[in-house]
Amino acid sequence: MIVANKNLPTNRNDTFCTSLDFAETWSKSFSKDYQPLVSTKYQFASNYSPLAIPVIGSGAPRIMYAVQSWDKFGRRIIDLAPFGQYASPNWENELEQSTLQEILKCLTGIRTREFTWNVRFDQEPLAKGLISLGLKFSPTHTHVLDLNDNYQNIFAGYSSSIRNQVRKAKRRGVVVTEVINSAEVYDYYQIHTQLAENKGGYRFIYPVELFLNMIKLSPHMRMLVAKSEGKIIAGGLFYQDGCCVNYWQGTSDRNYSHLYPMRAVFDDAIRWACESGAVYFDFGGSAGITSLKQFKSAWGAKPRENWMFKWKNPLWQKIANFKNNIF
């Protein structure tokens with residue numbers, strides 16, 4: 001069982017992926033020589049760096065961080081935060097419009113080609129503020145478990161099949177631990193890449209350096225793994241995101257499916273979230289896959305809607321359109 005850290009922050013308006021620690025970790029995890037291990041249409045940049053964005057008003061002066069990369073013409077592509085994670089300026093009380101206006105000034109200069117900003121389901125004032133400033137958004141979907149009770153009552157809210165599978169995992173000797181060394185990261189990564197190669201259809205594979213660096217961000221970021229007789233057979237990456245615990249990525253060895261190891265991993269992650277004082281456990285999106293939606297619903301999670309804002313510099317858009325018309 002994972003021991004909770006009672007001192008984790010639970011500010012509803014905070015997001016971990018806008019911290020300097022996260023931005024630096026992401027940036028150094030992708031080298032210029034990074035090549036995906038499986039065929040992919042998704043291309044990660046190799047020139048990431050943290051971008052400091054001053055936040056003025058709506059609380060004490062502070063800095064939120066994004067990650068930026070550059071295209072071949074030297075234009076910035078900004079992610080707040082990378083690959084679908086959530087970003088917030090961590091405001092206090094009322095979110096002032098002037099705060100957002102100053103942030104957008106930092107993001108929308110001539111050097112910027114585009115930026116993406118994902119807003120979490122429970123941060124509606126932020127989404128409404130960005131909409132009022134003319135930004136367009138697309139809805140994205142996730143499944144969220146409300147942690148409005150103690151762990152025992154949350155467990156009772158799982159479907160009967162999930163409760164039985166969690167119990168079976170424990171009876172069959174599955175033990176969940178936190179990864180704290182690189183050897184176990186490599187063991188986990190081998191399962192992850194093997195599953196991707198066998199299953200196919202993966203858009204990308206993160207580099208192993210990302211996992212090696214992420215575990216250094218504990219206790220906010222945790223890789224939890226299920227073991228059978230000391231062997232890692234499944235696991236997932238979870239992180240504290242203000243008042244939420246978010247599920248980022250996971251994998252399992254299909255040869256051990258009869259032990260229900262991922263059920264044990266999710267159950268321990270939810271216990272950690274409860275004991276840490278989190279308000280929500282976010283299972284993440286399901287890419288429209290019905291079986292994934294049903295699996296998450298079986299834990300008591302409900303569908304929630306996020307906002308994904310994407311801005312493209314109209315100047316560069318006009319230039320691109322002009323070139324297309326000429327040639």
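In this structure, Cys274 and Leu147 approach most closely via the heavy-atom pair SG-CD2, 3.9 Å. A pairwise comparison of heavy atoms in Ser29 and Leu210 identifies OG-CA, 3.5 Å as the closest pair. The minimum heavy-atom distance between Glu124 and Trp307, with the atom names listed, is CA-CH2, 3.8 Å. Closest heavy-atom contact between Ala87 and Ala81: CB-N, 3.7 Å. Here the closest heavy-atom approach between residue Asn47 and residue Ser69 is recorded as OD1-CB, 3.2 Å. Residues Ala234 and Ser252 approach most closely at CB-CB, 3.6 Å, considering heavy atoms.
A cation-pi geometry, defined here as NZ or CZ lying under 6.0 Å from the six-membered ring centre and within 45° of its normal, holds between Arg75 and Trp316.
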Subject >> Working for side-chain contact (heavy atoms from CB on, under 4.5 Å), residues Asp122 and Cys243 >> reply: CA-CA 10 Å; Asp122 63 325; Cys243 67; 3.5 Å; yes
**OP:** Let me see the working for Thr142 and Asp282 under side chain to side chain donor-acceptor pair (under 3.5 Å), right down to the final yes or no.
**Re:** CA-CA 7 Å; Thr142 188; Asp282 188 346; 2.4 Å; yes
**OP:** Any chance you could lay out the side-chain contact (heavy atoms from CB on, under 4.5 Å) test for Phe211 and Tyr206, step after step, and finish with the verdict?
**Re:** CA-CA 8 Å; Phe211 296 100; Tyr206 291 119; 3.8 Å; yes
**OP:** Report the C-alpha distance between Tyr239 and Phe22 in whole Å, list the side-chain angles of each, state the deciding distance to 0.1 Å, and finish with yes or no for side-chain contact (heavy atoms from CB on, under 4.5 Å).
**Re:** CA-CA 11 Å; Tyr239 67 96; Phe22 180 87; over 6 Å; no
Subject >> Test side-chain contact (heavy atoms from CB on, under 4.5 Å) applied to Val119 and Ser88, step by step >> reply: CA-CA 7 Å; Val119 176; Ser88 163; over 6 Å; no
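The stretch residues 85-110 participates, sequence neighbours left out, in no ring-ring contact (aromatic ring centres under 6.0 Å, His included) pair at all.
When atom types are taken as modelled, the side chain of Asp71 and the backbone of Gly74 share a donor-acceptor pair closer than 3.5 angstrom. No donor-acceptor distance shorter than 3.5 angstrom exists from the side chain of Asn246 to the backbone of Trp248, with no hydrogens or angles considered. A donor-acceptor pair is defined here as one N or O able to donate and one able to accept, closer than 3.5 Å; no such pair exists between the side chain of Ser276 and the backbone of Ala273. Within the 3.5 Å criterion, the main-chain N or O of Arg120 finds no donor-acceptor partner in the side chain of Asn306. Although no hydrogens or angles enter the test, the distance criterion places a donor-acceptor pair under 3.5 Å between the side chain of Gln123 and the main chain of Arg12. In this structure a side-chain-to-backbone donor-acceptor pair under 3.5 Å is present from Arg62 to Ala60. Between the side chain of Asn153 and the main chain of Asp149, no donor-acceptor pair closer than 3.5 Å is present. At distances below 3.5 Å, at least one donor-acceptor pair connects side-chain atoms of Ser159 with backbone N or O atoms of Ile162. Not one N or O on the side chain of Gln190 forms a donor-acceptor pair closer than 3.5 Å with the backbone of His192. Using modelled atom types, no side-chain atom of Arg163 and backbone atom of Gly157 make a donor-acceptor pair closer than 3.5 Å.
Note that OG1 of Thr15 and CG of Leu80 are 9.0 Å apart. Values are rounded to the nearest 0.5 Å. Taking CD1 from Ile232 and CG from Asp253, the interatomic distance works out to 11.0 Å, rounded to the nearest 0.5 Å. The structure places NE2 of His258 at 9.5 Å from OH of Tyr260, a figure rounded to the nearest 0.5 Å. Once rounded to the nearest 0.5 Å, the distance linking CG of Leu126 with CG of Asn90 reads 11.0 Å. To the nearest 0.5 angstrom, Thr251 atom OG1 is 5.5 Å from Tyr188 atom OH. Here the CG atom belonging to Leu51 is positioned 4.5 Å from the CD1 atom belonging to Ile53, to the nearest 0.5 angstrom.
Trp311 is listed as a side-chain neighbour of Leu135, based on a closest heavy-atom distance under 4.5 Å. Contact check for Cys17 versus Tyr65: no side-chain heavy atoms found under the 4.5 Å cut-off. With a 4.5 Å cut-off on side-chain heavy atoms, Val176 and Val225 do not count as touching. Considering only heavy atoms from C-beta on, Phe30 comes within 4.5 Å of Pro207 through its side chain. Taking 4.5 Å as the limit, some side-chain heavy atom of Lys293 sits within range of a side-chain heavy atom of His143.
Within 6.0 Å of atom CD in Glu229, 12 or fewer heavy atoms from other residues, nucleotides or ligands are found, so the atom counts as exposed in its surroundings. For Ile180, the CD1 atom counts as loosely surrounded, since its 6.0 Å shell holds 12 or fewer non-hydrogen atoms of other residues, nucleotides or ligands. Enclosure of atom CD in Gln97 by more than 12 non-hydrogen atoms of other residues, nucleotides or ligands within 6.0 angstrom is indicated. Around the CD atom of Gln101, the shell of radius 6.0 Å holds more than 12 heavy atoms that belong to other residues, nucleotides or ligands.
A side-chain donor-acceptor contact under 3.5 Å links Tyr151 and Asp267. The closest side-chain donor-acceptor pair between Glu178 and Ser218 falls under 3.5 angstrom. Side-chain polar atoms of Thr25 and Asn213 form no donor-acceptor pair below 3.5 angstrom.
Clustering ILVMFWY residues whenever any of their side-chain heavy atoms sit less than 4.5 angstrom apart, transitively, puts Met64 in a cluster other than the one holding Leu20. Note: the hydrophobic cluster containing Phe83 also contains Leu217 (ILVMFWY, side chain heavy atoms under 4.5 Å, direct or indirect links). In the hydrophobic cluster analysis, where Ile, Leu, Val, Met, Phe, Trp and Tyr join through side-chain heavy atoms closer than 4.5 angstrom, Tyr48 is grouped apart from Leu107. In the hydrophobic clustering of this structure, Val208 groups with Met221; members are Ile, Leu, Val, Met, Phe, Trp, Tyr whose side-chain heavy atoms approach within less than 4.5 Å, directly or through other members. Clustering ILVMFWY residues whenever any of their side-chain heavy atoms sit less than 4.5 angstrom apart, transitively, puts Phe121 in a cluster other than the one holding Trp117.
For the ring-ring contact (aromatic ring centres under 6.0 Å, His included) with Phe266, the qualifying choice from Trp272, Phe155, Tyr247, Tyr158 is Tyr247, the only one to do so.
When the salt bridge (Lys or Arg N to Asp or Glu O under 4.0 Å) test is applied to Glu96, no partner is found at least two apart in sequence or on another chain. Lys310 meets the side-chain hydrogen bond (donor to acceptor under 3.5 Å, both in side chains) test with Glu114, Thr116; sequence neighbours excluded. By the side-chain hydrogen bond (donor to acceptor under 3.5 Å, both in side chains) test, Thr112 is found to be paired with Arg76, residues two or more places apart in sequence or in another chain being considered. Here Lys105 pairs with Glu102 under the salt bridge (Lys or Arg N to Asp or Glu O under 4.0 Å) rule; sequence neighbours left out.
Salt bridge annotation for Lys227-Glu184: present, with a cationic side-chain nitrogen under 4.0 angstrom from a carboxylate oxygen. Between Lys302 and Asp146 there is no salt bridge, since no side-chain nitrogen of the basic residue lies less than 4.0 Å from a carboxylate oxygen of the acidic one.
The other members of the hydrophobic cluster of Val174, by chain and number, are Ile233, Tyr256, Leu259 (side-chain heavy atoms under 4.5 Å, ILVMFWY only).
Using cut-offs of 30° and 60° on the angle between ring planes, the pair Phe137 and Phe309 is tilted.
Between Tyr189 and Tyr186, the ring centre distance reaches or exceeds 6.0 Å.
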